Amino acid sequence: MNRFVLADCTSVDAALSQLHDGAVVKAGGVDLLDRMKDGIEEPPKLVNIRNIAELRGIHETDHGLTIGPLATLAEISEHPAIRSQYQILSDACGHAATPHIRNMATVGGNLLQRIQCWYYRSADFQCLRKGKDFCFAFGGLNQYHAIMDYGSCPAVAPSSAAVALLGLNSSVELTSAKRGKRTVGIRELYVVPDANPTKFTVIEPDELLTAIVVPRPTPGTRSAYQKYGEKESFDWAIADAGVVLEMDGNVCRRAVITMGAASPVVRRSAQAEAALAGQPITEETARAAGRASVEGALPLSMNAYKVDLFPVAVYRTILLAAGQRDRDPSAAG
Ligand SMILES: Cc1cc2nc3c(=O)[nH]c(=O)nc-3n(C[C@H](O)[C@H](O)[C@H](O)COP(=O)(O)OP(=O)(O)OC[C@H]3O[C@@H](n4cnc5c(N)ncnc54)[C@H](O)[C@@H]3O)c2cc1C
Ligand code: SF4
């Protein structure tokens, strides 16, 4: 790991004033320090935002929730209002990583963590996402990679929180000292690799993520998230699904179905959503939506199993959201 300056900040203004000349933000440090220890990044300065009180907290407002980016995954998963009205978010944050990591990891850092492609994470491989012109995964080990929408880089979206927050139509507030505040939707936060392989999010080097805004679900909304992995805990998803159902009695007026580890950027499945709209939630409609979620999938040489796994994840999560099934004991986390 390189030597670096640590700028410990206790206000947003102080942190913003430090963000220049290659300085990077450190929240919990779980992802950033891994990248530095693995030798894939050598920032000259870390701006520690961990002690900025104004970036903490989970606030209920007239319109929903405003979550400080320093709220930990554990705090979000245990918050009573989130547990009762935004189940998809408490499920996603409560089943990411391990209890230790959830106590340290912030939701802002979770949204902004980098991809886990093992070639990207190794200093020995210089690929497209590090500014070169080659992807090692297409002809190499690609069992954890994308099956949809991948273009030139099939590394998958890693953030469980993003799967939930996209389902809830959330947005983030970004703040810069020079340009002030702007609001960006969760989907728009992420840059697809074909648009710019070395830019992962739209956040500029002088910006901080200062809030996450979650609209209140309409009455009668039910939601859930489930993650499937190689082991019960301790790892990122190989398939995960978020489901938000706006119900009119037994009929689903509107569904939002989100998928994380299917593509480089967290995605909504319009096909799965269409399969549920105006339908009662039953085993049959949930299965049809699951099958629809992988329409158009193009698996790589080693990940065709994901084309079978995602429909199961989506189907079981729909039934969990609808209250027709318990949490899947074979789900991870
Ligand atoms: C074993 C293991 C298993 C895991 N499993 C999962 C899982 O199942 N699901 C999942 O979603 N994640 C998982 N993770 C990832 C983990 O949740 C993230 O690394 C963690 O949430 C990052 O949060 P942090 O606060 O430590 O971020 P940091 O490491 O501090 O920051 C991450 C990135 O975000 C930037 N950043 C952070 N906060 C801000 C801000 N407010 N404004 C601007 N930039 C900012 C940093 O510069 C950095 O680039 C796992 C991690 C491990 C080690
Ligand atoms: S999948 Fe993406 S991150 Fe991984 S080697 Fe290929 S270009 Fe690099």
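For reference, positions follow the sequence shown, starting with 1. Note that ligands are numbered from 1 as they come in the structure, with each ligand's atoms numbered from 1 the same way. Treat the numbers as computed from the prediction; the structure is a model and nothing was measured.
- Not one N or O on the side chain of Y315 forms a donor-acceptor pair closer than 3.5 Å with the backbone of T285.
- In summary, the atoms of ligand 2 found under 4.0 Å from a heavy atom of Y120, numbered by their order in the structure, are 3 (S).
- The protein heavy-atom contact nearest to atom 24 (P) of ligand 1 is G28 N, 3.5 Å.
- With ligand atoms numbered from 1 in the order given, ligand 2 contributes 3 (S) to contacts under 4.0 Å with heavy atoms of I115.
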For Y120 and F200, run ring-ring contact (aromatic ring centres under 6.0 Å, His included): C-alpha distance rounded to whole Å, both residues' side-chain angles, the deciding distance at 0.1 Å, then the answer. CA-CA 13 Å; Y120 177 80; F200 294 81; 5.6 Å; yes

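- Within the listing of ligand 2, atoms 1 (S) sit less than 4.0 angstrom from a heavy atom of P154.
- If you check each of T175, L70, T106 against atom 25 (O) of ligand 1, the one with the closest non-hydrogen atom is T106.
- Of the listed options R50, R102, R114, Q113, Q113 places a heavy atom closest to atom 18 (C) of ligand 1.
- Taking atom 41 (N) of ligand 1 as the reference point, the nearest protein heavy-atom neighbour is L209 O, 3.0 Å.
- When all heavy atoms of A146 and P264 are compared, the pair lying nearest together is CB-CD, 4.2 Å.
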For N110 and L73, run side chain to side chain contact (heavy atoms under 4.5 Å, CB included): C-alpha distance rounded to whole Å, both residues' side-chain angles, the deciding distance at 0.1 Å, then the answer. CA-CA 8 Å; N110 185 277; L73 299 183; 3.8 Å; yes

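- The shortest contact between atom 48 (C) of ligand 1 and any protein heavy atom is with R35 NH1, 3.6 Å.
- No donor-acceptor pair closer than 3.5 Å links the side chain of Q324 to the backbone N or O of A321.
- The part of C117 lying near ligand 2 is the side chain, judged by heavy-atom distances below 4.0 Å.
- No side-chain N or O of Y150 forms a donor-acceptor pair with one of D194 less than 3.5 Å apart.
- Taking all atoms of both residues into account, the shortest heavy-atom contact from R267 to D149 is NE-OD2, 2.8 Å.
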One pair to check against side chain to side chain contact (heavy atoms under 4.5 Å, CB included): T183 and V172. What are the steps and the verdict? CA-CA 6 Å; T183 300; V172 293; over 6 Å; no

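- Each of R327, R83, K227 was compared with D91 under the salt bridge (Lys or Arg N to Asp or Glu O under 4.0 Å) criterion, and only R327 meets it.
- Among protein heavy atoms, the minimum distance from atom 27 (O) of ligand 1 is reached at G109 CA, 3.3 Å.
- No donor-acceptor distance shorter than 3.5 angstrom exists from the side chain of Q18 to the backbone of A15, with no hydrogens or angles considered.
- The L128 neighbourhood of ligand 2 comprises atoms 7 (S), with distances under 4.0 Å to a heavy atom of that residue.
- Residue C153 counts as close to atom 2 (Fe) of ligand 2, with an N, O or S atom under 2.8 Å.
- Ligand 1 has K227 within reach: a non-hydrogen atom of the residue lies less than 4.0 Å from it.
- For the residues V107, D240, L112, the heavy atom positioned nearest atom 33 (C) of ligand 1 is part of L112.
- Taking atom 17 (O) of ligand 1 as the reference point, the nearest protein heavy-atom neighbour is N110 ND2, 3.1 Å.
- Shortest contact from atom 13 (C) of ligand 1 to any protein heavy atom: W236 NE1, 3.2 Å.
- With E41 as the partner, the salt bridge (Lys or Arg N to Asp or Glu O under 4.0 Å) test is satisfied by one option alone out of R114, K130, R121: R114.
- For atom 7 (C) of ligand 1, the closest heavy atom belonging to the protein is A97 N, 3.4 Å.
- Proximity of H145 to ligand 2, defined as any heavy-atom pair under 4.0 Å, is confined to the side chain (atoms from C-beta onward).
- Within the 4.0 Å heavy-atom criterion, the part of I49 lying near ligand 1 is the side chain and not the backbone.
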